[in-house]
Enquirer: 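Let me begin by handing over the structure; questions about it come next.
Chain letters run A, B, ... following the sequence lines, proteins first and then strands; every chain starts at 1.
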Protein chains: 2
Amino acid sequence: MTDDDAVFRALADGSRRLLLDRLRARDGQTLGQLCLGLDMSRQAVAKHLAVLEEANLVAWQRQGREKLHFINPVPIHQIARRWITQFDLPRLDALAALKDRLEGPENDEQGKDNAP
Amino acid sequence: MTDDDAVFRALADGSRRLLLDRLRARDGQTLGQLCLGLDMSRQAVAKHLAVLEEANLVAWQRQGREKLHFINPVPIHQIARRWITQFDLPRLDALAALKDRLEGPENDEQGKDNAP
DNA sequence: TTAATACGCAACCAAATGGTTGCCTGTCAA
DNA sequence: TTGACAGGCAACCATTTGGTTGCGTATTAA
């Protein structure tokens with residue numbers, strides 16, 4: 001329905017997030033390359049890529065008989081922005097601290113649960 | 001599998017995102033209240049809430065015969081942070097600009113598609 | 001030209017998902 | 001105490017999802 005919906009759905013699957021990770025590590029890979037360590041059939045990977053394409057998270061380009069896949073960070077960017085602004089507006093300044101930490105030496109953790 | 005997985009899955013459904021929106025608008029609502037305008041059976045909403053609870057996105061508290069639901073922003077926070085840092089590290093400074101815009105008057109849009 | 005490579009298409013399958021209905025339990029108020 | 005109200009549980013159903021296999025097509029290399 002929403003345009004985000006496709007993105008959320010695409011991100012809902014671990015295999016697809018893994019594919020995004022791999023593309024982030026090295027952009028412009030072919031289907032075959034993306035299949036390599038994955039314990040999944042080529043067609044399964046192709047289907048996942050189709051979902052990612054439909055969500056506009058991955059774009060591709062023909063090169064001869066190869067299909068090179070490229071990651072598109074914009075939708076994630078938008079969603080992250082939206083959900084940060086909608087959910088965490090009061091804590092947005094925490095991101096400044098995050099930025100500081102990232103530019104600094106090490107990352108530390110912070111609290112997790114607060115179930116009543 | 002991952003701890004994020006439950007969160008991503010939970011966020012994948014529009015109805016559940018809507019429930020989170022409603023809780024964000026007013027925290028501590030009962031099942032019945034959350035059902036009100038939703039064109040879904042009470043049990044369907046209860047199931048969605050169960051998914052959100054399992055992802056630790058919603059916590060609840062008994063009060064007599066009522067069950068008050070509370071939103072927990074931490075998991076989204078964590079995911080947003082992770083995905084921003086993993087995907088957008090080079091653009092992290094854009095968040096500073098975002099913060100400026102949010103503290104300023106109006107929000108403008110930016111580019112969408114870039115399929116080849 | 002032939003064969004190997006890289007991918008697409010379609011059918012099929014099991015399991016998960018989102019939803020329903022029916023009925024049961026606990027709590028509050030008359 | 002007796003309803004009415006808020007919610008829980010379980011069975012059931014249709015569709016979607018994630019995956020497979022089999023076969024077909026285009027491109028490259030021998």
Enquirer: How would you summarise protein contacts on nucleotides 11-18 of chain C per nucleotide, using B for base, S for sugar-phosphate only and - for none, with heavy-atom distances below 4.0 Å?
Expert: B-----SS
Enquirer: So, does B:Ser41 get its side chain near the phosphate of C:dT20, meaning an N or O under 4.0 Å from OP1 or OP2?
Expert: yes
Enquirer: What heavy-atom pair brings A:Gln63 and A:Leu68 nearest, and what distance separates the two atoms?
Expert: OE1-CD1, 2.8 Å
Enquirer: At under 4.0 Å between heavy atoms, how does the protein contact nucleotides 25-30 of chain C? Give one character per nucleotide, 5' to 3', with B, S or -.
Expert: -BBS--
Enquirer: Using whole Å, report how far CD of B:Gln61 lies from C1' of D:dA6.
Expert: 16 Å
Enquirer: Does a side-chain N-to-carboxylate-O contact under 4.0 Å join B:Arg17 and A:Asp4?
Expert: no
Enquirer: Under 4.5 Å between any side-chain heavy atoms of B:Asp5 and B:Arg9, yes or no?
Expert: yes
Enquirer: Could you identify which residues of residues 28-37 of chain A place a heavy atom less than 4.0 Å from some atom of DNA chain C, listed by residue number, or say none?
Expert: A:Thr30, A:Leu31, A:Gly32
Enquirer: Provide the closest heavy-atom pair for A:Asn72 versus A:Asn56 in the form atom of the first, atom of the second, distance.
Expert: ND2-O, 2.9 Å
Enquirer: For the residue pair A:Leu11 and B:Leu11, establish whether any side-chain heavy-atom pair is separated by less than 4.5 Å.
Expert: no
Enquirer: Can you list the residues that meet the side chain to side chain contact (heavy atoms under 4.5 Å, CB included) rule with B:Ala55, with sequence neighbours excluded?
Expert: B:Ala6, B:Val7, B:Ala10, B:Leu57
Enquirer: Grab the CG-P distance between B:Leu19 and C:dG19 for me, whole Å please.
Expert: 10 Å
Enquirer: Does anything in residues 19-38 of chain B form a ring pair (Phe, Tyr, Trp, His ring centres under 6.0 Å)? List the pairs, not counting sequence neighbours.
Expert: none
Enquirer: Just how far, in rounded Å, is C1' of C:dA4 from CZ of A:Arg42?
Expert: 14 Å
Enquirer: Using whole Å, report how far CG of B:Asp39 lies from C1' of C:dG19.
Expert: 12 Å
Enquirer: Tell me the ring pair (Phe, Tyr, Trp, His ring centres under 6.0 Å) pairs involving residues 6-45 of chain B, sequence neighbours left out?
Expert: B:Phe8-B:Trp83
Enquirer: Taking all heavy atoms of A:Gln29 and all of A:Arg26, pick out the closest pair and write down the distance.
Expert: NE2-O, 3.0 Å
Enquirer: Write down the distance between CD (B:Gln43) and P (D:dG8), rounded to a whole number of angstrom.
Expert: 10 Å
Enquirer: Going by atom type alone, with no hydrogens or angles, which donor-acceptor pairs under 3.5 Å involve a side-chain atom of residues 40-52 of chain A and a protein atom two or more places apart or on another chain?
Expert:
unit_1  : atom_1 : unit_2  : atom_2 : d
A:Ser41 : OG     : A:Ala44 : N      : 3.1
A:His48 : ND1    : A:Arg16 : NH1    : 3.1

Enquirer: Which residue pairs satisfy the salt bridge (charged side-chain N to carboxylate O under 4.0 Å, His left out) criterion with at least one member in residues 49-76 of chain B, sequence neighbours excluded?
Expert: B:Glu53-B:Lys67
Enquirer: Figure out the CD/C1' separation between B:Glu66 and D:dG8, and round it to whole Å.
Expert: 16 Å
